[in-house]
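What follows is a single structure, written as structure tokens, with notes after it.
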Protein chains: 2
Amino acid sequence: MTGHIYIIGMGPGYKEMMTDEAYQAMKNADVIVGYTVYIDLVKEHFPDKEFFTTPMRQEVERCKACYDFAKDGKIVAFICSGDAGVYGMAAPMYELLPEYESQNITADDITVIPGVTAAISGAAQLGAPINHDFCVISLSDLLTPWETIERRLIAAIQGDFAIAIYNPSSKKRHDYLEKACQIMLDAGTDKNRACGYVENIGREGTKTVVCTLEELKNAQVNMFTTVFVGNSKSEIIQGKLVTKRGYEI
Amino acid sequence: MTGHIYIIGMGPGYKEMMTDEAYQAMKNADVIVGYTVYIDLVKEHFPDKEFFTTPMRQEVERCKACYDFAKDGKIVAFICSGDAGVYGMAAPMYELLPEYESQNITADDITVIPGVTAAISGAAQLGAPINHDFCVISLSDLLTPWETIERRLIAAIQGDFAIAIYNPSSKKRHDYLEKACQIMLDAGTDKNRACGYVENIGREGTKTVVCTLEELKNAQVNMFTTVFVGNSKSEIIQGKLVTKRGYEI
């Protein structure tokens with residue numbers, strides 16, 4: 001076994017927002033593996049490369065394909081949007097690793113290359129919403145019970161964290177952000193808490209909005225939106241959402 | 001006023017871990033501003049560039065210097081280690097902005113360029129410790145009351161978040177990680193909770209350790225260490241710290 005698997009965070013989309021090591025790992029790979037939408041974002045940069053895609057919901061199959069390519073001695077670039085280790089494929093890859101032990105694949109054959117996740121890239125668009133202690137919470141209950149999500153939203157408010165919310169909505173979960181906002185309001189958050197959201201970060205049609213928590217509750221968001229809830233001291237300054245670090249200004 | 005200020009997250013250190021837009025913004029700037037240690041990390045790539053540094057604790061002066069350069073029509077690259085909006089300079093810059101309104105500087109004259117923060121780059125070294133909902137907490141009480149930090153550690157445990165801890169120690173705060181671990185243990189965390197830490201991410205001498213929470217309590221860490229505490233389901237798999245996403249494996 002002379003292959004190697006690079007699990008790569010490609011950032012939000014544009015090539016300029018990838019790190020150089022992410023780009024180089026894709027360039028040097030024998031095959032680039034990923035979800036169809038992400039492959040389409042990088043294809044133009046590597047016209048002669050072999051690609052392997054699987055549809056949504058076939059994440060484990062995608063992981064296994066990487067191991068199979070590596071067993072054949074191939075250098076694999078397994079791409080994730082944002083960062084590979086934030087709701088990405090790094091964890092399932094390591095969870096599958098023991099299955100491949102007998103085939104002489106070890107943790108040394110895997111490298112995770114970090115990238116800019118939406119909490120970071122979305123924050124840059126909105127101003128500085130997570131410039132102090134913060135939480136990242138996904139509202140997707142495909143793999144997480146809703147009770148756990150609810151418990152985390154409440155804990156985040158009790159700890160007075162700034163919050164970045166991923167997957168605020170989808171076709172089947174159109175009212176999840178509204179529910180999440182109500183949970184935060186019920187937990188004692190001021191309805192005027194400074195909030196904001198960003199759509200299509202690092203892709204065509206980026207849109208940023210700053211608003212109050214009450215306004216956020218009724219916001220139209222989709223699966224490409226990242227939502228931010230400030231902490232109790234966050235402010236909107238000249239249209240930017242700012243969570244203070246604490247310096248005397 | 002024809003200047004512009006780019007507040008740039010340079011990532012952990014190595015040029016390969018910067019995004020291309022971060023690198024290009026430094027390359028195209030008239031002056032690169034930053035803390036001495038970070039300037040030293042990028043100086044070699046831009047031998048002919050004008051640099052402006054201020055010592056530690058003079059962050060607000062550094063921000064004001066950026067505005068002064070911009071008023072003179074200069075393109076400014078204001079560099080932060082990791083990301084510019086995670087304990088970085090984006091927030092104090094926006095907080096100072098109203099002071100410069102009368103001088104025709106607006107939010108349009110400022111661009112934040114995101115970078116790979118230590119929670120992300122350290123996670124990649126350790127495996128996948130923050131691959132589900134997570135919190136980022138700094139133990140530095142220079143700008144934050146210790147009571148707030150304690151409250152956030154407890155909330156993070158109550159919400160069963162994975163946790164990335166910044167600034168776990170310094171010369172004056174040598175026992176803060178020990179105190180933080182004790183707070184988490186007192187909040188009901190199992191002493192065998194899967195944890196880990198990384199030193200000198202993306203620089204010479206990177207060191208990674210996986211351990212239990214009890215072992216973490218007595219770990220020797222410094223200001224260049226990033227610490228990770230798994231959630232209740234995190235596991236150490238083949239030497240890697242893995243917080244599961246929830247796929248059926």
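Naming: A, B, ... by sequence-line order, numbering from 1 per chain.
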Without swapping roles, check the side chain of [X] against the backbone of [Y] for a donor-acceptor pair under 3.5 Å.
X: A/D83; Y: B/I120; value: no
X: B/N131; Y: A/G88; value: yes
X: B/R245; Y: A/G85; value: no

Rounded distance [0.5 Å steps], [atom1] in [X] versus [atom2] in [Y]:
X: B/R152; Y: A/D133; atom1: CZ; atom2: CG; answer: 4.5 Å
X: A/I249; Y: B/E99; atom1: CD1; atom2: CD; answer: 7.5 Å
X: B/E21; Y: A/Y14; atom1: CD; atom2: OH; answer: 10.5 Å
X: A/Y94; Y: B/I236; atom1: OH; atom2: CD1; answer: 13.5 Å
X: B/D20; Y: A/E16; atom1: CG; atom2: CD; answer: 6.0 Å
X: B/F161; Y: A/T148; atom1: CZ; atom2: OG1; answer: 10.5 Å

With chain A, which of [options] has the greatest number of heavy-atom pairs at distances under 4.5 Å?
options: B/G115, B/A123, B/A119; answer: B/G115
options: B/G159, B/A128, B/A155; answer: B/G159
options: B/A156, B/G246, B/A124; answer: B/A124
options: B/G127, B/A91, B/A22, B/C63; answer: B/A91
options: B/L97, B/V136, B/L153; answer: B/V136
options: B/V60, B/L241, B/I130, B/T243; answer: B/I130

Between [X] and chain A, with a heavy-atom cut-off of 4.5 Å, which part of the residue counts as in contact: side chain, backbone, both or neither?
X: B/E59; value: side chain
X: B/V86; value: both
X: B/K240; value: side chain

_Options A/I163, A/D160, A/I7, A/T144, ranked by heavy-atom pairs under 4.5 Å with chain B, top entry_ =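 Most heavy-atom pairs under 4.5 Å with chain B: A/D160.
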*asked:* Heavy-atom pairs under 4.5 Å with chain B: which of A/I137, A/L143, A/I157, A/V112 has the most?
replied: A/L143
Taking the side chain as every heavy atom from C-beta outward, state whether [X] and [Y] have any atom pair closer than 4.5 Å.
X: A/H132; Y: B/Y87; answer: yes
X: A/Q158; Y: B/R151; answer: no
X: B/T19; Y: A/M18; answer: no
X: A/C135; Y: B/F134; answer: no

*Does CD in B/E204 sit with more than 12 non-hydrogen atoms of other residues, nucleotides or ligands closer than 6.0 Å?*
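Not buried by this count: 12 neighbours or fewer within 6.0 Å.
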Could you tell me which portion of [X] (side chain, backbone, both or neither) has an atom closer than 4.5 angstrom to a non-hydrogen atom of chain B?
X: A/D108; answer: neither
X: A/V242; answer: side chain
X: A/A84; answer: backbone

*Specify the closest pair of heavy atoms between A/V116 and B/P114, including all atoms of both residues, with the distance to one decimal.*
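Taking every non-hydrogen atom into account, CG1-CB, 3.9 Å.
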_For a side chain to side chain contact (heavy atoms under 4.5 Å, CB included) check, start with the C-alpha distance between A/Q238 and B/E101, then their side-chain angles and the critical distance, and finish with the verdict._
CA-CA 10 Å; A/Q238 295 207 1; B/E101 231 179 335; 2.9 Å; yes
*Take A/Y247 and B/M89, measure what side chain to side chain contact (heavy atoms under 4.5 Å, CB included) needs, and give me the verdict at the end.*
CA-CA 10 Å; A/Y247 295 110; B/M89 290 298 131; 3.3 Å; yes
